[in-house]
Structures are given as structure tokens and as C-alpha cells.
Amino acid sequence: MEITNIKKAVLFWGILSEEAVIYLKEKFHRGFVLVNPELRPYLLGLGWNRDALSAAGLEFLYCTDNMLGHLFYQQKIKELLILYQKKMDDGYLCLSSSLYVYELAKYHNVDVKFAAGTELDLDKFSDSDASTLAGRPMYAESLLGEVEKPRLDLIKEEGDG
Amino acid sequence: MFNSPLSFPVRMQGKKILVLDETLLPWEEKYLEVLNLEDALFCLREMKTRAFGQVLLYFYTCQLLEEEYQDKSTLADLVAKKFKATRPTFDFFSLSSLLKKSLREDKPLSEIIATFLDGFDKARRRRCAALAEVLPQQSSILTICNINGELIYLAEALRNLGKEYRFYVSETRPYLQGARLTTWELQRAGVNTILICDNQVAKVMAEKKVNAVVCGADRANLQGDIINKVGTYALSCLAGIYNIPVYAFVQYPYDFSIEKVGIEERPPQEVFMFLENIPDKENIEAIYPSFDIVPQELISGWVGLEELRLNDKRKWK
């Protein structure tokens, strides 16, 4: 699919749950393209989330995380669904990368909704940071330096979604 | 300080061009031989080189074909046309214009190009020195993709000023130029470097771990809009939100409407580079815009080859 052919899309971010898939199914049948991002370092877009969408018979559009800014700029994304790990008193505990899409959505006046995702042990993924991709080291071992490891983070939601 | 092979990833050796195959880095440092125009176009098409490498490849391809063309202006335009058809986002005609302005009947192309590139490299070092002047005493710089050795020039300039520095590098999916090239060249040079996933940039900004963003630009217009590796737009938006300045290295800006430039969409299967083990990926529908647009209002300063121009109209101060 060429980007110009995307009329309206919903972006989701986090670990899909059955409830979230049902929500996305409704969006899909209303003509939304489901944007399934790669979600580094865990590659959820090619693993867990891909499997969840395929099991529900839902087609999706895959892209890497850094391409999402371009989709926001082109006004293709009409809604962001963030899948949290835990609801807290003052916000949502999410994958720490959620801030990336949350801020971009707010900047582009895109509607943000929160829903419960599936709780998974992040340590079970072969990639825990940017130093590997699908288990493969991404730079020469002799030059292995510092790598920032992502975990969970609190997003304080402004207004309820 | 260590000089990165990426500072000059393409070079001339006798009657052939040697192109550093950037797709193999950091695991293997291998040079491809280019003997004709088709070889050069192959290197472009297959992303064996990019950024400054494609500039070098353009000039050296003209040099390689010099004997076959009586009229050097025709040659410069022909190579630009072929290159542009292969990589539409980059404006190779600005290079042919530059070359045509420098043509002299009594001088071979090799001499003209060598003089030009020497001047270009000196200008790159000068602009890094100029940028170093405006960066903080303790600089923590976030960058994306790869700027062909210029961050090493920048680190050197910061050190000469007695400033401290470290670099956060966004991995830059799907080709991973940040992880494979920038992290590689900076760490080889002994520069403190921290690698992050592309989606971690907001997090490090929110935690005040970075105080400047420095990026390259494949194209820039006179108004200050740029086109750069996909991800630069998101980085620039987020930097604005967190009140962090964004400096873009630009070369030869000219008058064009940014919105009229077609953003190159690469074959979707290329997003799976380095993901050979993902099952049934041929059936995944994907997109791959390889660049994005950053409007002028998101940029704090343009680091040109002749001057550093600060933006007094940035959306955020």
C-alpha cells in the first residue's frame, strides 16, 4: 500500500489484549487501516501483536516506529490507542516508549484512548534493548558500549479516554 | 582523533571507484568496485552508499566517464538524471550545477573534483567548529542516522573548546544506520555513545538526558525546511515539546517547495532487513517511507557550509 492511499488509520501501541482486538475489529470494519508498529526492542509488531490480529482475521499495515512521525505529519493517523500494563491512580503504566507516540498524537491533535493490554514478562523477549535485533547483535562486540534499556513508565493522562 | 572511513566512504583509485558497502557495517569493512555507470546505479539502488557517499559517487562517476564525453556539461546532466531516477529524493541536479560552474577547458575533471572535495571537507570541519561554539559546556547530543564522520569532527571541535560531550544515537530502523554506522564510528573514535531505540527519544528528552539534537539533511530549501532520514520529523517535534534545540547540517539549500518533493517509498520488503528469521514476512503488508519532511519552524539552527544560521522564528524557543 502506498501512503497516499491511506485515508484514515488507527495506531495502537503496546501489547494487544482480546478486548483491544475487539475494539480494533470494529475500527477495521469502519474502514480504518490498523497501523501495527514494530515496537522495538521487543518486535511486538512482528510477534505477539501480529499473531493477535491474524487470529482475529484482521489485516494490518506494518511499519517501523520511526515512520510514525511521517504518518502523523501526513494526517493519516486519526486515533491512537495506548495499551497499558496497569492502571494507576494518577495515570497508566505503559511501555516506556509509549511517550513517543503519546506526545506525537497530542502535538497533532489526534485523539488518544487507553485500554488494558496484556501483561507479559518483558524479560522473555530475545531483544531487551537496541543492541540486538531478533537476537542478532547490531554492532561489533569489540565496540560494545552503553545501551539504554527501556522498561515501563507512567503516562499521566490529561482527561479520560 | 580517529578519522572515520565514513568521512569519505567513496573514493577513486585509478580507473575504478571504491564504494564502502555500508550495508555490511559494522561486521565487515568491504569496498565494492564500480567500473561503469550501471555499477554506480546498483550501489545507489541497493543502498550500498548514501548521504555524502552518494555525492562522492556522483562526482567520481562523472570522472570515470569523462573520456567518453566531449561535452562535460552534457555528462554532468546525464549522470544526474540517471542518479535522480534511481534515488528521487536527493537532488543530483544541484551537484551537476555545481560541477558545471567549475568546469574549465584546460583542467581535467579529476583536478576540479579533487579541489572541490578538499574545499568541501574543510568547510565541514569549519561548520562543526561553529556549531561547537553554540552547544552547551556539557553537551549531550541526540542524533539520528549517520552524518558521514561529521559527528567526529564535532566531537573534536567540542574537545578543542574544552567542552564535555556525549552522544545518544537513535538506532534508525530499518537500515539501522544509527546503530551500525554512527555508534560504530563514534565508539571507534573513543567518544562516549549511548544507543537507544528510535521510540526511546521522547523518554530521554523527558528525563533531560539530552540538551541538543543534531541531524543531517538530504535536502534543504532556502526557507529552511529540510528532508532527512525518516524519524527526523518525530525527533524534531519532540525536541520542540521538551524545549531542546535542533541543529541541522545543510548543504546547498535552494529555492523549492518542500511539499512538492515526492518522499521516496522504498520496496516494503526492505523494512525486514536484518529480520531474515521472521516467518512468512512476504505476506505482511508494509510501508517504507525512507525520508520525512521537517518544517522550518521545528529547527533552531541550520549549520551550512558557509554559515551557522539561527532560527528566530522557531515554534519553541
Side-chain angles (χ1 to χ4, degrees), chain A residues 1-4 6 13 33 35-41 43 45-47 50 59-74 95-104 106-108 127 129-131 133-140 142-150 153, chain B residues 25-27 144 168-174 176 178-180 183-184 186-188 192-206 209 229-238 240-242 263 265 268 271-272 274-278 281 284-289 291-293 295:
Chain A
M1 178 183 281
E2 287 185 12
I3 292 171
T4 187
I6 302 172
W13 192 270
V33 171
V35 176
N36 174 23
E38 183 169 62
L39 260 164
R40 284 281 281 146
L43 298 174
L46 295 170
R50 175 192 180 186
E59 292 170 10
F60 60 83
L61 190 65
Y62 168 83
C63 65
T64 58
D65 306 333
N66 53 344
M67 294 170 189
L68 296 172
H70 185 60
L71 292 182
F72 277 112
Y73 181 79
Q74 298 287 341
L95 296 180
S96 63
S97 55
S98 304
L99 193 62
Y100 181 74
V101 284
Y102 179 69
E103 293 289 14
L104 286 174
K106 280 201 307 178
Y107 177 73
H108 293 88
D127 306 300
D129 56 47
S131 65
L133 182 70
R136 179 180 176 186
M138 276 302 125
Y139 53 93
S142 60
L143 293 172
L144 187 68
E146 204 177 326
V147 184
E148 186 106 356
K149 190 185 282 286
D153 206 14
Chain B
L25 290 173
W27 306 285
I144 185 169
Y168 277 82
V169 181
S170 191
E171 64 177 342
T172 321
R173 291 283 293 130
L176 292 162
R180 295 187 304 106
T183 304
W184 175 74
L186 286 171
Q187 288 185 341
R188 273 181 66 162
N192 185 4
T193 309
I194 301 114
L195 177 64
I196 59 171
C197 300
D198 296 320
N199 61 34
Q200 284 176 270
V201 296
K203 176 79 171 163
V204 297
M205 288 177 183
K209 288 181 175 171
K229 179 55 56 187
V230 70
T232 310
Y233 172 69
L235 200 60
S236 305
C237 283
L238 294 162
I241 292 166
Y242 289 102
I263 294 295
E265 291 189 38
V271 296
F272 303 114
F274 308 116
L275 290 170
E276 295 82 2
N277 296 331
I278 299 296
K281 56 184 180 298
I284 299 176
E285 187 161 20
I287 50 169
Y288 182 4
F291 299 91
D292 58 24
I293 292 169

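This one's a predicted model, so the numbers in the text were calculated from it and none came from an experiment. Proteins come first, then strands; the chains are lettered A, B, ... in the order of their sequence lines, and each starts at number 1.
Remark: A134(A) engages L43(A), L275(B) in a side chain to side chain contact (heavy atoms under 4.5 Å, CB included) (not counting sequence neighbours). For the side chain to side chain contact (heavy atoms under 4.5 Å, CB included) test, residues two or more places apart in sequence or in another chain that qualify with P289(B) are I3(A), M67(A), H70(A), V230(B), I263(B), I287(B).
Of the listed residues (G178(B), S170(B), G231(B), A286(B)), the one with the most heavy-atom contacts under 4.5 Å to chain A is A286(B). Highest contact tally toward chain A, considering only K229(B), E265(B), K209(B), K281(B), is held by E265(B) [criterion: heavy-atom pairs under 4.5 Å]. With chain B as partner, the option from R40(A), M1(A), K149(A) having the largest number of non-hydrogen pairs under 4.5 angstrom is R40(A). The candidate from R50(A), E59(A), H108(A) with the greatest count of non-hydrogen atom pairs under 4.5 Å with chain B is R50(A).
For the residue pair E103(A) and Y242(B), a side-chain donor N or O sits within less than 3.5 Å of a side-chain acceptor on the partner. In the model, Y62(A) has no side-chain atom that pairs as donor or acceptor with a side-chain atom of E285(B) under 3.5 Å.
Residue contact with chain B, scored on non-hydrogen atoms closer than 4.5 Å, involves the backbone and the side chain of E2(A) alike. For N66(A), the parts lying near chain B are the backbone and the side chain together; criterion is any non-hydrogen pair under 4.5 Å. Only the side chain of L176(B) comes within contact range of chain A, with heavy atoms under 4.5 Å apart. Of the atoms belonging to K106(A), not a single heavy atom falls under 4.5 Å from chain B. Both the backbone and the side chain of S97(A) come within contact range of chain B, with heavy atoms under 4.5 Å apart. If you measure heavy-atom distances from F272(B) to chain A, the contacts under 4.5 Å come from the side chain alone. Proximity to chain A is limited to the side chain of Y233(B), based on heavy atoms less than 4.5 angstrom apart. For L71(A), the part sitting under 4.5 Å from any heavy atom of chain B is the side chain, from C-beta outward, and nothing else. The part of V204(B) that comes within reach of chain A is its side chain, from C-beta onward, which places non-hydrogen atoms under 4.5 angstrom from that chain.
With respect to E148(A) and K203(B), no salt bridge is recorded, no charged nitrogen being found less than 4.0 Å from a carboxylate O.
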